[in-house]
Engineer: 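Could you have a look at this structure, given as structure tokens, before my questions?
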Number of protein chains: 2
Amino acid sequence: MERRRADIIAEELEERICDGTYPDGVRLDEVRLAEEFGVSRTPLREALQKLALSGLVAQIPRRGVFVRQPGPVQLIEMFEVMAEMEAVCGRLAAARISDAALAELDAANALCREAVAAPDADAYYLENERFHHIIYRESGNGFLEQETAALHRRLKPFRRMQLRLRGRLPQSMAEHEEIVAALRAADAERAARALRGHVAVQGEKFRFLMARLASAAE
Amino acid sequence: MERRRADIIAEELEERICDGTYPDGVRLDEVRLAEEFGVSRTPLREALQKLALSGLVAQIPRRGVFVRQPGPVQLIEMFEVMAEMEAVCGRLAAARISDAALAELDAANALCREAVAAPDADAYYLENERFHHIIYRESGNGFLEQETAALHRRLKPFRRMQLRLRGRLPQSMAEHEEIVAALRAADAERAARALRGHVAVQGEKFRFLMARLASAAE
DNA sequence: GTCAACCTTCTTGTATACAGAAAATGCAAG
DNA sequence: CTTGCATTTTCTGTATACAAGAAGGTTGAC
């Protein structure tokens, strides 16, 4: 499948916004970026509109587009929704998950355990992502899977922060075990609770997140 | 706030797709539509891309954009997610809802009751929408409110079908009462269950929905 | 008569040109 | 020195022009 330049540009810009190359509030100049990418304004505008619809930039009529990083409040809100959506995935998956998928979860968890032992935060992060995506898929609801994965992706740059907490890796690991146990027992409510607690930002995590946001905002 | 033509066109096209003016699979011709709206292809293309991102049309590179109504399977999936998201709104609202909002819900329900007595399906539909949006808002999570409202909006054309079921209005009414009672009692799980059941497509509703979709697909 | 290759034509994707609005700058007046 | 208004400039939004790819028809060969 041949992709349009606008899509490629949108992806690159998304990357730059997420990794902080373009900080919050910066105006994205159409002509400057068009020159940089070696294209005309037309595909670049299309890319910017795509970003605007996904919420990464704000498009103010006759003024331009501005990078719009979510503020502390919105981030907390997004993490809360993320936790609830994962809980829903877990609740549905508890009734629908296949034995093969349970084995996949075990395998992903084994690799997670290795990463914890190393300890290799990056490897853990990768396997953690696999683990969660399996659960999205096993919800048996393709639409839910897509929506949850989309939000997961959007929170990606902020998710890494959580893993920086001292002792977070072993704790996260234990939560993974509990999640798989609940799914294997086909206990919907237990799986939902475990996933909600696993993803939610609360207590120590909350304070850490707020501190990071405060330092980033300066 | 001055709106761009592309946004106005996107709204109009969305309306036409939802009300069936453009049935599933139809190709949306850029030049023809541009002439019809009296604009050039540029803003029209922007509108089409907006629709593509919201999932109403499929954009196939070098081939054009085609109306993409959700199939039966995807519709069932979307309704399931809708039910779960409303349940989440209810769960959070149970702990956060204000007395003023409870009064609002009572007021909306009173108007619903009048509509049932009439019976006036259109009036009921309108007040029902108000009722649900209050709950979204009282979840206390602006992001969740937005996302839930967006899905609600996307399912709007299919939601009306449910009300056509014989005896659905009084039943829906009773469910509204139960929802408010659960919220007033601050019983999170009860509110979640009530809302999930209220929105979910199941049993009689499911068969009816499938029949409608089968006749629409012919 | 049928199949295949080529050509025509139509449509999308991209570039450029133009118009109007907002912001910035400079000048003048208090 | 500050403030307000006008002018200029820059940038967005829209229109048009151009290029490349895909579909369909026609013609020629087997």
Engineer: Rounded to the nearest Å, what distance is computed from the CD atom of residue B:E35 to the P atom of nucleotide C:dC10?
Structural biologist: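 Roughly 14 Å, once rounded to whole Å.
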Engineer: For a quick check under 3.5 Å, do A:Q49 and B:E46 share a side-chain donor-acceptor pair by atom type?
Structural biologist: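 Yes, a side-chain donor-acceptor pair sits under 3.5 Å.
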Engineer: Taking atom C1' of C:dG13 as reference, at what distance in whole Å does atom CG of B:L48 sit?
Structural biologist: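 Nearest whole value for this atom pair: 13 Å.
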Engineer: For C:dA15, does either OP1 or OP2 sit under 4.0 Å from a side-chain N or O belonging to A:S40?
Structural biologist: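 The answer is yes; a side-chain N or O of A:S40 sits under 4.0 Å from OP1 or OP2.
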Engineer: Grab the CZ-P distance between B:R63 and D:dA20 for me, whole Å please.
Structural biologist: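 After rounding, the reported distance stands at 21 Å.
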Engineer: Over how many whole Å does the gap from B:L44 atom CG to D:dT16 atom C1' extend?
Structural biologist: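 Computing the B:L44:CG to D:dT16:C1' distance gives 15 Å.
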Engineer: Any idea which of D:dC11, D:dT14, C:dG13 is nearest the B:E30 side chain?
Structural biologist: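 Between D:dC11, D:dT14, C:dG13, the one nearest the side chain of B:E30 would be C:dG13.
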Engineer: Say whether, by atom type as modelled, one donor and one acceptor occur between the side chain of B:E86 and the main chain of B:V81 under 3.5 angstrom.
Structural biologist: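 Pair absent, no side-chain N/O of B:E86 close to backbone of B:V81.
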Engineer: Say whether A:H198 and A:H176, considering side chains only, have a donor N or O and an acceptor N or O under 3.5 Å apart.
Structural biologist: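 On atom types as modelled, these side chains qualify, holding a pair under 3.5 Å.
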Engineer: Could you state the atom-to-atom distance from CD1 of A:I60 to C1' of C:dA21 in whole Å?
Structural biologist: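 Atom-to-atom, A:I60 to C:dA21, this comes out as 15 Å.
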Engineer: Is A:R62 close enough to D:dC11 that one of its side-chain N or O atoms is under 4.0 Å from OP1 or OP2 there?
Structural biologist: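 It does not, given that no N or O in the side chain of A:R62 lies less than 4.0 Å from OP1 or OP2 of D:dC11.
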Engineer: What's A:R45 touching, base or sugar-phosphate or nothing? Going by heavy atoms closer than 4.0 Å.
Structural biologist: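 Base: the residue A:R45, judged by heavy atoms under 4.0 Å, touches a nucleobase.
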Engineer: To check you understand the geometry: which heavy-atom pair defines the closest contact between A:R68 and A:A58, and what is its length?
Structural biologist: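 Looking at all heavy atoms of both residues, the closest pair is CD-CB, 3.7 Å.
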Engineer: What is the distance, to the nearest angstrom, from the CD atom on A:Q49 to the P atom on C:dG13?
Structural biologist: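 These atoms are roughly 14 Å apart.
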Engineer: With heavy atoms under 4.0 Å as the rule, sort B:R41 into base, sugar-phosphate or nothing.
Structural biologist: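 Base contact - B:R41 has a heavy atom under 4.0 Å of at least one base atom.
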Engineer: What does B:R32 touch in the nucleic acid at a heavy-atom separation under 4.0 angstrom: a base, only the sugar-phosphate, or nothing?
Structural biologist: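 B:R32: no heavy atom of the nucleic acid under 4.0 Å.
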Engineer: Taking the side chain of A:P61 as its heavy atoms from C-beta onward, which of D:dT16, D:dG13, C:dT14 lies nearest to it?
Structural biologist: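 Nearest to the side-chain atoms of A:P61, counting from C-beta on, is D:dG13.
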Engineer: Keeping the roles fixed (side chain from A:D120, backbone from A:A115), state whether a donor-acceptor pair exists under 3.5 Å.
Structural biologist: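 Pair absent, no side-chain N/O of A:D120 close to backbone of A:A115.
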Engineer: How many Å lie between CZ on B:R5 and C1' on C:dA21, as a whole number?
Structural biologist: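 Checked: the CZ to C1' distance equals 14 Å.
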Engineer: Closest-nucleotide mapping onto DNA chain C: is B:R27 or A:P43 further toward the 5' terminus? I mean the 5' end.
Structural biologist: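 Of the two residues, B:R27 wins.
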Engineer: Whole angstrom is fine here: how far is it from CZ in B:F66 over to C1' in C:dT12?
Structural biologist: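 Rounded to the whole Å, the gap is 11 Å.
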Engineer: Under 4.0 Å between any heavy atoms, over every strand shown, what does A:V31 touch: base, sugar-phosphate, or nothing? Just pick one.
Structural biologist: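 Result for A:V31 = nothing.
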